[in-house]
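Right, one structure below, let's go through it.
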Amino acid sequence: MSARAQIGVTGLAVMGRNLARNFARHGYTVAVHNRSYAKTESLIADHGGDGDFVPSESTADFVASIERPRKIVIMVKAGDPTDAVIDELIPHLEEGDVVIDGGNAHFPDTIRREHKLAELGLHFVGMGVSGGEEGALNGPSIMPGGPKESYTTLGPILEDISAKVDGTPCCTWVGPDGAGHFVKMVHNGIEYADMQLIAEAYDLLKHGLGESAAGIGKIFEQWNAGDLESFLIEITADVLQHVDAATGKAFVDIVLDQAEQKGTGRWTVQNALDLGVPITGIAEATFARALSGSVPQREAARGVLPGDAGTWQIEDRDAFVEDVRLALYASKLVAYSQGFDQIAAASAEYGWGVDRGAMARIWRGGCIIRAKFLNRITEAYERDENLPLLIADPYFADVVGKGLAAWRRIVAQAALNGVPTPAFASSLSYYDGVRADRLPAALIQAQRDFFGAHTYRRVDREGTFHTEWSGDRSETEA
Ligand SMILES: NC(=O)C1=CN([C@@H]2O[C@H](COP(=O)(O)OP(=O)(O)OC[C@H]3O[C@@H](n4cnc5c(N)ncnc54)[C@H](OP(=O)(O)O)[C@@H]3O)[C@@H](O)[C@H]2O)C=CC1
Ligand SMILES: O=C(CO)[C@H](O)[C@H](O)COP(=O)(O)O
């Protein structure tokens, strides 16, 4: 077996297969391998014409077919399967080889794997990839982390196959160890929030206007021509206008209303709890999926819990649609703002030095959350790389301010009419919380001191204090 491939891909399901084709279409000789050989054979049979592939049945032959230092992309199920593939590769690798995990790995696993491979003289790159099946083939957004020196040789190849926006690749080195997979995880968290907000907007239009799915699809189509232009709005318009061939009904109406998840949203929320970052939009979106799947609870509630909902009477259809659009835009900005806050907090906590403006730049194309307004987010971080709150940037403060009255009307009307809007409502609450002069957290501190002597700080002087609540109520400095 001569070592002639410039890059290898193992794991040839939807993502790995299309990434391998993408490399081949860009002129690279690609070694390909999959646990079960049938997938390798079908890639060559169906798409061998895309370029120069070197298929192998065994791991030994696969590794031997790649030029040194080897670059091997793993594209398999996250978790144990990734460890199994790494363990299978290790005996065949040599010092300086680079193993790249392009799956949706949990970032602590990536840190562990990088340490393990570093001890063996191997480089390990945790690489976020977004764009689904189509993006993997035609240009994904790529978020590689790991040792910076690996990027010197790996980066140009990844940038070559990534999506491009205005000629700029949607790929950059994110930071050391788990930074790449962390940023991909938050990307997916934002994806959850964005999808939930879009679903709530659809539900509001459905209940408020009594509009058909296809009619709402048309509204989304119009929205996609403005500030909301994005991949998710575009596919929503398409999905809502799709008709089920078997029943002739709107496709969305024949799909079971229980949203599933593979784990990245949950990890995002778990990490935010650890870091103390209020990513309320992402958390509500993750819990909304959990609620949709809480079948026994939903069955117990249906027909038993009263709603007391009024009859929703929309007098001005166009004004209502515009209110929903403005509320959606404002809520989306809150979700993105919170996601970028989490990246900043993690970057500080783990010492990664992640450039948030660069992350917004590589999310402008290729990925699931690609959106026109990401350009504005990049500009905001270029104006101030230490921006503490994205929605406080003058451009976004203005956008959100202009939509505020509509946002309040929509959340209020939804509550009055019994339509659940967890992400819209929590985003508005976050907005009001973060801008408040004074929060009722002061009362919580007083309560904590009352029952547990947990102490409090005062507004009028420095120090930490405790009141003798069960005694003479005198105050002592702790
Ligand atoms: N699908 C998507 O839109 C996206 C997926 N991702 C991530 O990319 C990765 C690949 O995703 P996708 O292409 O959807 O494929 P899947 O997540 O469905 O994984 C299937 C692949 O994993 C392999 N595999 C499973 N278990 C093992 C094991 N124990 N040892 C070796 N190989 C194993 C399978 O091999 P075999 O054929 O032999 O069963 C197959 O090649 C995942 O981590 C996913 O989270 C990232 C972005 C988008
Ligand atoms: O990574 C992705 C896109 O960026 C995947 O599509 C993601 O795995 C979907 O997540 P879930 O199944 O949890 O909705």
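The figures here come from the full heavy-atom set of this structure, side chains too, leaving out hydrogens, waters and symmetry mates. Each ligand, and each atom within it, is numbered from 1 in the order the structure gives.
- Residue-ligand proximity, Val129 to ligand 1, at heavy-atom distances under 4.0 Å covers atoms 46 (C), 47 (C).
- Ligand-side atoms of ligand 2 in range of Lys262: 11 (P), 12 (O), 13 (O), range being under 4.0 angstrom from any heavy atom.
- Close contacts of ligand 2 with Ile368, meaning ligand atoms under 4.0 Å from a residue heavy atom, involve 3 (C), 4 (O).
- The pair Arg70-Glu94 meets the salt-bridge criterion, with a side-chain N (NZ, NE, NH1 or NH2) lying under 4.0 Å from an Asp/Glu carboxylate O.
- Residue Asn188 has at least one nitrogen or oxygen atom sitting less than 3.5 Å from a nitrogen or oxygen atom of ligand 2, judged on distance alone.
- Annotation for ligand 1: atoms under 4.0 Å from non-hydrogen atoms of Leu12 are 41 (O).
- Contacts with ligand 1 closer than 4.0 Å are made by no heavy atom of Thr82, backbone or side chain.
- Contacts with ligand 2 closer than 4.0 Å are made by side-chain heavy atoms of Arg289 only, the backbone lying farther away.
- With rounding to the nearest 0.5 angstrom, the CD atom of Glu211 is 12.5 Å from the NZ atom of Lys206.
- Comparing heavy-atom distances from atom 9 (C) of ligand 1 across Val76, Asn104, Ile86 singles out Val76 as nearest.
- Near Gln261, meaning under 4.0 Å from one of its heavy atoms, ligand 2 places the atoms 13 (O).
- For the pair Arg376 and Tyr395, the cation-pi criterion (under 6.0 Å, within 45° of the ring axis) is fulfilled.
- Partner Tyr329 forms a ring-ring contact (aromatic ring centres under 6.0 Å, His included) with one of Phe373, Trp223, Tyr336, Phe424 and no other, that one being Phe373.
- Heavy-atom contacts of Gly11 reach the following atoms of ligand 1: 41 (O) (cutoff under 4.0 Å).
- Protein heavy atom at the shortest distance from atom 6 (O) of ligand 2 is Glu191 OE2, 4.2 Å.
- Between Lys116 and Asp87 there is a salt bridge, with a side-chain nitrogen of the basic residue lying less than 4.0 Å from a carboxylate oxygen of the acidic one.
- When only non-hydrogen protein atoms are considered, atom 8 (O) of ligand 2 lies nearest to Asn104 ND2, 3.4 Å.
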